[in-house]
Amino acid sequence: MKRIGVFVCWCGTNIGGVVDVPQVAKAASSFPGVVLATDYKYMCSEPGQELIVQAIREHRLTRVVVAACTPRLHENTFRKTLERAGLNPYLLEIANIREQCAWAHQKQPGRATEKAISLVRRAVAKASRLEPLFASTIPVTRKALVIGGGIAGMQAALDIADAGHQVILVEREPTIGGKMAMLDKTFPTLDCSACICTPKMVAVAQHPSITLYTYAEVEKVEGYVGNFEVTIRQKARSVDHTKCTGCGTCWEKCPTRVPSEFEQGLGTRKAIYVSFPQAVPNKPVIDRRHCRYFAAGKCRVCEKVCPTGAIDYQQGDQLIKEKVGAIVMATGYDLFEWEKVYGEYGYGRYPNVITSLQFERLINASGPTGGKILRPSDGKEPQSVVFVKCVGSRDPAKGKEYCSRICCMYTAKHAHQVLEKLPGARVYVFYMDVRTAGKAYEEFYLRTLQDGAHYIRGRVSKIYPEGDRLIVRGVDTLLGRQVEVGADLVVLATAVVPSRGAAELARLVGISCDQNDFYTEAHPKLRPVEANTAGIFLAGACQGPKDIPDTVAQASAAAAKVCALFSREEMAAEPTVAQVNQFLCYGCLECQKVCPYRAIEPVTVSENAAGKKIERTVASVNSGLCQGCGACTVACKPGAINLKGFSNEQVLAEVDALCL
Amino acid sequence: MSLDSQWEPKIVGFCCNWCSYAGADLAGLNRLSYSPTVRIVRVPCSGRVNPAFIIRAFQRGADAVLVSGCHPGDCHYVSGNYHARRRFLVFKRLLEYVGFEGERLQVRWISGSEGAKFAQTVDELDRKIKALGPNKKMRQEPPGFSGVKDHEG
Amino acid sequence: MRLAYYPGCSLETSAREYNHSVQLVGRLMGVEFHEIPDWSCCGASAGHTTSRLLALALAARNLALAEEMGLDVVAPCAACYQRLALARHELAANPSLWERVNGITGRPFNGTIRVKSIVEMLLSAGTEKIKSLVVRPLRGLKVAAYYGCLLVRPRAIQIDDAENPQVMEKILRAAGAEVVDWTHKTECCGASLAVSNEEVAIPIISRILKAALAAGANCIACACPLCHFNLDIRQAKAKRFLANYRPLPVLYLTQLLGLAMGQGERELGLEAHFVETRSILKMVG
């Protein structure tokens, strides 16, 4: 028989002023299993807790009910009290007679007391069915995987590595650096993006604790927090990087030119190439789709000229397995494919309508024009440049509903740069709103206005060529009339979208995406850098559009979370998890379908049935992954899964008690 | 079974720990007064609420059951409230199909910041059940008492 | 192919040549037209700008009449086509409105028939069919296919991309013509303002002409009596906005097809146009 002690708190006058506390204690003393019921002014105070400790020892209590404030406030306090008295902390049940009785029914003290008694009866009923629970521990592999080598991934990798942990950084492009390496200057300080990005790239490459896989992709993720097993596909570079010195002879001599991804199609690269001169690693790969030898079986020029014999046409993909304890997603963003839907802007048929990322390459000193703003069609200097914001952003009809957040600022920067580099040029910016929340952002925008940029509030309805110029027709909603602007160059601020393949990767890793395929954080306010799967963290634009400072901040935050996880060799797991009674389970695995954490896996058990040994499939819960939501318990037809701490028997006993 | 004028409904509330239980706490914290007829069972998630719990409540004489969880899309456990929503939509139909008053089961989404909504929801349900009268159809009477006769009467 | 034929008011009056050419080309292509008996206004212009319900009811009445014939409807006028097609879509999307409109017309429309534009009708016969009928390929013609605002809009009923449609181009190429890539295919022709506010309408017209001229077109093909009216009759007024003006004959798509299929200029009503069409005829030979 359980020996239950009930402790009713006055909470000063908070409870005692409304509820007849002694009467509640008196009523409780008659409930089944209760051997002691008492009250005290402040149960949570030191003497109050001491009273409980003493009572447990004196009355050999095996279960404790505290009738006081909400369990959300002091459940942990009283659990520790039980622990001090040598009782398992999970043998506690709280009756919420403050928030849900005294405070809510102040005007009806009689009814409040009656309800308090009912709530204590419920707590006693549950307490008599509580079982001791033990927090299990799971080992933690103190090694992190960072997916994506842009500024978010680099920052996270460096922070984790600097804390003394091993990091594996996987980047699918031939170089790390991401979008930031392509940018010219950063707002609002106008410092050179490459000057602050490339040193980070070098630091990553040289860090003794970081293993870098470029031109590689994550192919498989198994396991759970602290114990992931990851398979990485190292794509064939066709160049042996252990022999290659990065001398550059091969890509000088390569006869095939193709549009450069890094230059956003405004420049070319060779079929054997490094993306840009500061690439890390600064060694080439062969783009097999465009290489003459791979396409037609002839050429082999690079092989002939390579002084170290590093070219290896036979090289195949390689699969690498790594064990890690945490994963940081830092897959970044891409630009919305405006060419597919914006027919009114020409479906990408007009060479002088470009995206802002292309514009970044145009004004970049290391870009295809050496930093001169020249329009793509004929290399002339534009005299009139029109910027169109919100192309694909804030446009539920054709694009995305959300604001891409960075375009207002980079467009202000672009406008400023045009006015600076091309004196006398006219700059027009079509905008819906100007959103400049950020340190020194509004000031920067105002400066651009003072520089002479014309901001026109309205959407652009059509861009079309007339002669060698473009006509941009839109509306000025402040004047309430149509406007037409002649332009030599039009720059579209296209929406930020998750980088290609983000949703597939999410499925592979086991995290969820929102309706736009941005990765979902565990809590929008309080857990913004954790994914909903334990041990997986989010950094940068893969979680939502973000500028560089916010991305770096989030990356460091994710790194801090990883370091916290790595601070111990083992981590404690909440014991309130689901548990399968394998005798009852018949292996339908309905539970697996509703589990949002992939915590349920089938296992094979062998047992003796009528003298014969048989094998059966049953469900099994990974307590490292289970978060204790209980969805599986309801899906289970034979009632084989139960949730510790909220078991079927406990809840039914509570219901019975409340209905008495 | 005679009804005296003192009859007050018995309402069992299943509230998820993260949103609705917090919403109920907030109602108290703000000293919003609502009907004391509701008694709450704390569950981790509305997706934890087994229809069997509800049937048991009705069998034991509860006049109404309130299941409350986070708003769709806000579930602490990603998708639990979606399971609950689908499950109780069907379950409510089933109750109606067998001739039980579907209004006695209410499923609501109340966030941790919606103390007032919690109070309103309870009061509304309380009014509704008072108008509807006690649950006679599913109540299992104590042994020796003929519930059938009562229905015929 | 048998179709219910909805001529609409323009095809009886200002666009009789469109009517004739549609009938001629249709017959050559094996289409049987059955004019809807007792058809009434489609609900365009004055109708739909004043009352949505009136516009829907007018269109629904005609749809109901066609449905009684058991035939899909073709409406050569782009405005008629758009009103009828859109009414069908809007009613289907809103059952209570549908019921109300059926009550107003007293002739229940059940939504069993479809509405086709002239372009859809031609295309459904197939470009191969058109090619097989061409006896006088439209060589030398550089046509700017002009859709106007109605033919491929709105999204709910559009038959081709609203910004850069290609259906008319396909038909014209099948007839041997060269089509120009130009920028103002689906711009407004200013028709609804042409009478009430000419100062606004004329620059709109001139911009379309300017774009067609800049693209090197020597004629414009259209499929809407309102567009035709504007671009043809008002060309004289619009030309003062154009530096490099050349007369640009404006023809109905079916007139061009008729020419290619060997029909005479008189039957096709080419002499009815304000901008001289002889230059075109000379090229085709």
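Residue numbers begin at 1 in each chain, while the letters A, B, ... track the order of the sequences.
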Against chain A, label B:Tyr82 side chain, backbone, both or neither, depending on which of its atoms sit under 4.5 Å from a heavy atom there.
-> neither
Taking all non-hydrogen atoms of both residues, which atom of A:Leu652 and which atom of B:Ala52 are closest, and how far apart?
-> CD2-O, 4.3 Å
Select, from B:Arg60, B:Lys10, B:Arg48, B:Arg87, the one with the greatest count of heavy-atom pairs under 4.5 Å involving chain A.
-> B:Arg48
Contacting moiety of A:Asp514, where chain B heavy atoms sit under 4.5 Å = neither
Heavy-atom pair count under 4.5 Å with chain B, highest-scoring of A:Lys107, A:Gln627, A:Lys126, A:Arg98 | A:Gln627
Just by modelled atom types, is the A:Ala657 backbone N or O under 3.5 Å from a matching donor or acceptor in the B:Arg39 side chain?
-> no
Output the distance between atom SG (A:Cys659) and atom CD (B:Gln140), rounded to the nearest 0.5 Å.
-> 11.5 Å
Considering all heavy atoms of both residues, which atom of A:Tyr597 and which atom of B:Tyr77 are nearest to each other, and what is their separation?
-> OH-CA, 3.1 Å
Which one, B:Pro36, B:Gly28, B:Ser35, B:Pro51, leads in non-hydrogen pairs under 4.5 Å with chain A?
-> B:Pro36
Taken to the nearest 0.5 Å, the spacing of B:Thr37 OG1 from A:Lys115 NZ works out to 7.5 Å
One option among A:Leu643, A:Val594, A:Thr520, A:Leu119 has the most heavy-atom pairs under 4.5 Å with chain B, and it is A:Val594
Test item: B:Pro44 and A:Thr576 side chains (from C-beta on) under 4.5 Å apart, heavy atoms = no
Please flag which part of B:Ser46 lies under 4.5 Å from any non-hydrogen atom of chain A: side chain, backbone, both or neither.
-> neither
Rounded to the nearest 0.5 Å, what's the gap from CG on A:Asn96 to CG on B:Asp25? Could you check?
-> 5.0 Å
For B:Arg31, does the CZ atom sit with more than 12 other heavy atoms under 6.0 Å from it, leaving out its own atoms?
-> yes
Would you mind checking which part of A:Gln100 comes under 4.5 Å of any heavy atom in chain B, side chain (CB onward), backbone (N, CA, C, O), both or neither?
-> both
Separation between CG (B:Asn17) and CZ (A:Phe646), nearest 0.5 Å, reads 6.0 Å
Can you tell which part of B:Val49 gets under 4.5 Å to a heavy atom of chain A, answering side chain, backbone, both or neither?
-> backbone
Measure distances from B:Leu29 to the heavy atoms of chain A and classify the residue's part below 4.5 Å as side chain, backbone, both or neither.
-> both
Under 4.5 Å to a heavy atom of chain A? For B:Ala57 that would be both
Among B:Val12, B:Ile40, B:Ile54, B:Leu32, the residue with the most heavy-atom pairs under 4.5 Å to chain A is B:Ile40
Any chance you could measure B:Asn30, atom CG, to A:Trp103, atom CH2, to the nearest 0.5 Å?
-> 10.0 Å
CG (B:Leu26) and OG1 (A:Thr70) are apart, to the nearest 0.5 Å, by 11.0 Å
Given a strict heavy-atom distance threshold of 4.5 Å, which part of B:Ile11 is in contact with chain A: side chain, backbone, both, or neither?
-> neither
Backbone of B:Tyr34 reached by a side-chain donor or acceptor of A:His105 within 3.5 Å | yes
Could you point out which residue of A:Glu93, A:Glu75, A:Glu654, A:Glu99 forms a salt bridge (charged side-chain N to carboxylate O under 4.0 Å, His left out) with B:Arg42?
-> A:Glu75
Nearest heavy-atom pair of B:Asn50 and A:Thr633: which atoms, and what distance?
-> ND2-O, 4.1 Å
Heavy-atom neighbours of A:Glu649 CD exceed 12 at 6.0 Å = yes
Contacting moiety of A:Leu660, where chain B heavy atoms sit under 4.5 Å | backbone
